[in-house]
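The first residue in the sequence is number 1, and the count goes up from there.
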Amino acid sequence: MRKMSLLMLGAFLGAGTSMLATQTQFLSGPSAVAASAETYRQLSLFGDVFEKVRTDYVEKPDESKLIEAAVNGMLTSLDPHSSYMDAKAFRDMQTTTRGEFGGLGIEVTMEDGLIKVVTPIDDTPASKAGLLANDVITQIDEDQVQGLTLNQAVDKMRGPVNSPVKLKISRKEAKDPIEVTLTRDVIKIKPVRSRAEGGDVGYIRLTQFNEQTFDGLRSAVDKLSTDIGQDKLKGYVIDLRNNPGGLLDQAVMVSDAFLDRGEIVSTRGRNPDETQRFSAKSGDLTKGKPVVVLVNGGSASASEIVAGALQDHKRATILGTRSFGKGSVQSIIPLGGSGALRLTTARYYTPSGRSIQAKGIEPDVEVLQDVPDELKGKDETKGEAGLKGHLKQKDTEERGGSSAYVPPDPAKDKQLTAAFDFLRGIQKGAANAQKPSMPN
């Protein structure tokens, strides 16, 4: 069954892929294209079926739900990232992009009729309760999840702040179901976390791309350069691992923070005249310091825009494992008071003209983690290429996902250690060098 991912806006959770949170662009409306006579005949057929169901079904149906289900069916037949949002879901999505909402703090997806945890968000009730990626939620407050839609399950996990919700979890390595009670809280997503490492390297983790991401990055760079000192600072590690993406404009601004000039990304839709190009403005926040960007199988969408731009401009060394491969742009089209349409309207391309759709970003330096025995085989994401109905790449070999495992103990994080060692072993500007060898 097709996977759907959703940032649980009240229960939290965005696109993203799966993970995956989507890149968002607000449009006034799509270009009109005249429908054919055959199309109108098919619409007449839909009207006939709707009328029969409305008048003859064994129980009186909710007509608005019938229409919404038909709209959802049409959109979900296109690709995994197009969908209809009712008015409430649309409001929730807008709240999420602002980075503050109430809930549990998990990103979930629907797979084979079950709700699976994509990832718990740092410092939230879900994270503190020990929920893990790939956990399957089988019950919510003793109600079975099987048979519910993703939105219905999310609604059940929403509720007033400080109220409890009981989840039953199925975990592959556990014989018996795990029961956990979480207390709903206000989820304040801090999309940027940073620290000075060893007195000479700045570490900056971006967890998603919401409206606060670029401002958080700028503040982190300013603080680290002051705390460490420009003379001692050897460079920055930008950690995009398991970042499902978010807002397109934030991805552009984050990329621009490290670039003085050149194209960042282009988006190309169905019509050639709809092509958009986004370019860097003068000014590098890091003043040319070397940069290493960490990616893995959970890095998607906006994360891949940043990694692709910095890789193509040879501004950073990309280290880790292959990214998710979500190379499409979703436009959010408001529908008056009736919600909004999330519609895939374009593919995006890196500065060199690469589409990473269903391929991902290949790191310059591949570094594999030591995955615990109990998680081996469960740490791999399927990637965009594994999603049913994904956009195909013509004449291009598709690539599946890669490992998305990040050890909870930084001391055991081989990718992070390799990034620090890499910066400390090079001179200024050497992060732009060709692929070096690196032990795995």
Side-chain angles (χ1 to χ4, degrees), residues 1-21 80 92 96 101-159 164-174 176-185 187 189 207-208 241-245 296-300 324 371-372 374-383 386-387 401 403-408:
M1 180 176 288
R2 184 182 71 83
K3 270 191 173 183
M4 292 176 59
S5 83
L6 177 100
L7 291 177
M8 282 182 64
L9 307 160
F12 191 164
L13 269 279
T17 148
S18 103
M19 331 315 32
L20 331 99
D92 287 343
T96 299
F101 40 84
L104 299 179
I106 46 178
E107 184 182 347
V108 295
T109 186
M110 174 165 277
E111 185 175 338
D112 298 328
L114 297 174
I115 303 299
K116 179 180 282 190
V117 175
V118 174
T119 184
I121 298 169
D122 297 345
D123 300 323
T124 63
S127 174
K128 293 173 183 177
L131 269 67
L132 300 175
N134 294 321
D135 281 349
V136 174
I137 300 173
T138 58
Q139 290 185 13
I140 304 169
D141 284 334
E142 300 185 359
D143 292 332
Q144 292 291 334
V145 170
Q146 186 108 30
L148 298 180
T149 67
L150 187 58
N151 285 334
Q152 288 171 335
V154 168
D155 284 342
K156 281 185 172 292
M157 287 186 276
R158 294 172 181 160
V165 59
K166 185 177 179 180
L167 303 180
K168 181 174 283 188
I169 303 293
S170 173
R171 187 173 293 167
K172 286 186 178 180
E173 59 269 25
D176 300 317
I178 300 167
E179 293 188 356
V180 59
T181 299
L182 299 87
T183 301
R184 298 178 176 99
D185 198 359
I187 306 300
I189 298 299
T207 59
Q208 63 174 260
R241 294 175 298 176
N242 294 332
N243 181 327
N296 66 6
S299 305
F324 187 83
V371 180
E374 65 272 16
L375 295 178
K376 285 181 178 177
K378 307 179 183 71
D379 61 308
E380 300 268 334
T381 65
K382 292 183 178 179
L387 298 182
S403 177
Y405 176 70
V406 178

Within this structure, what is the [atom1]-[atom2] distance for the pair [X] and [Y], rounded to the nearest 0.5 Å?
X: K156; Y: L148; atom1: NZ; atom2: CG; answer: 6.0 Å
X: K172; Y: L375; atom1: NZ; atom2: CG; answer: 11.0 Å
X: Q146; Y: I115; atom1: CD; atom2: CD1; answer: 10.0 Å
X: R241; Y: S299; atom1: CZ; atom2: OG; answer: 8.5 Å
X: K116; Y: D135; atom1: NZ; atom2: CG; answer: 10.0 Å
X: T181; Y: L167; atom1: OG1; atom2: CG; answer: 8.0 Å

Taking N296 as the fixed residue, which of N242, D379, N243 is the one that meets the side-chain contact (heavy atoms from CB on, under 4.5 Å) rule?
N242
Nearest heavy-atom contact between A404 and G298 is CB-N, 3.8 Å
Does any N or O in the side chain of [X] come within less than 3.5 Å of the main-chain N or O of [Y], such that one atom is a donor and the other an acceptor?
X: R184; Y: M157; result: yes
X: S170; Y: V136; result: no
X: D185; Y: T124; result: no

Please set out all donor-acceptor pairs under 3.5 angstrom arising from side-chain atoms of residues 127-134, sequence neighbours excluded.
residue: N134; atom: ND2; partner: K378; partner atom: O; Å: 2.5

Show your working on side chain to side chain contact (heavy atoms under 4.5 Å, CB included) between L182 and V165 and close with a plain yes or no.
CA-CA 5 Å; L182 299 87; V165 59; 4.3 Å; yes
Excluding sequence neighbours, so at least two apart, what forms side chain to side chain contact (heavy atoms under 4.5 Å, CB included) with Q144?
Q139
Are P244 and F324 side-chain neighbours, meaning at least one heavy-atom pair lies under 4.5 Å?
no
Worked verdict on I169 versus E179 for side chain to side chain contact (heavy atoms under 4.5 Å, CB included):
CA-CA 6 Å; I169 303 293; E179 293 188 356; over 6 Å; no
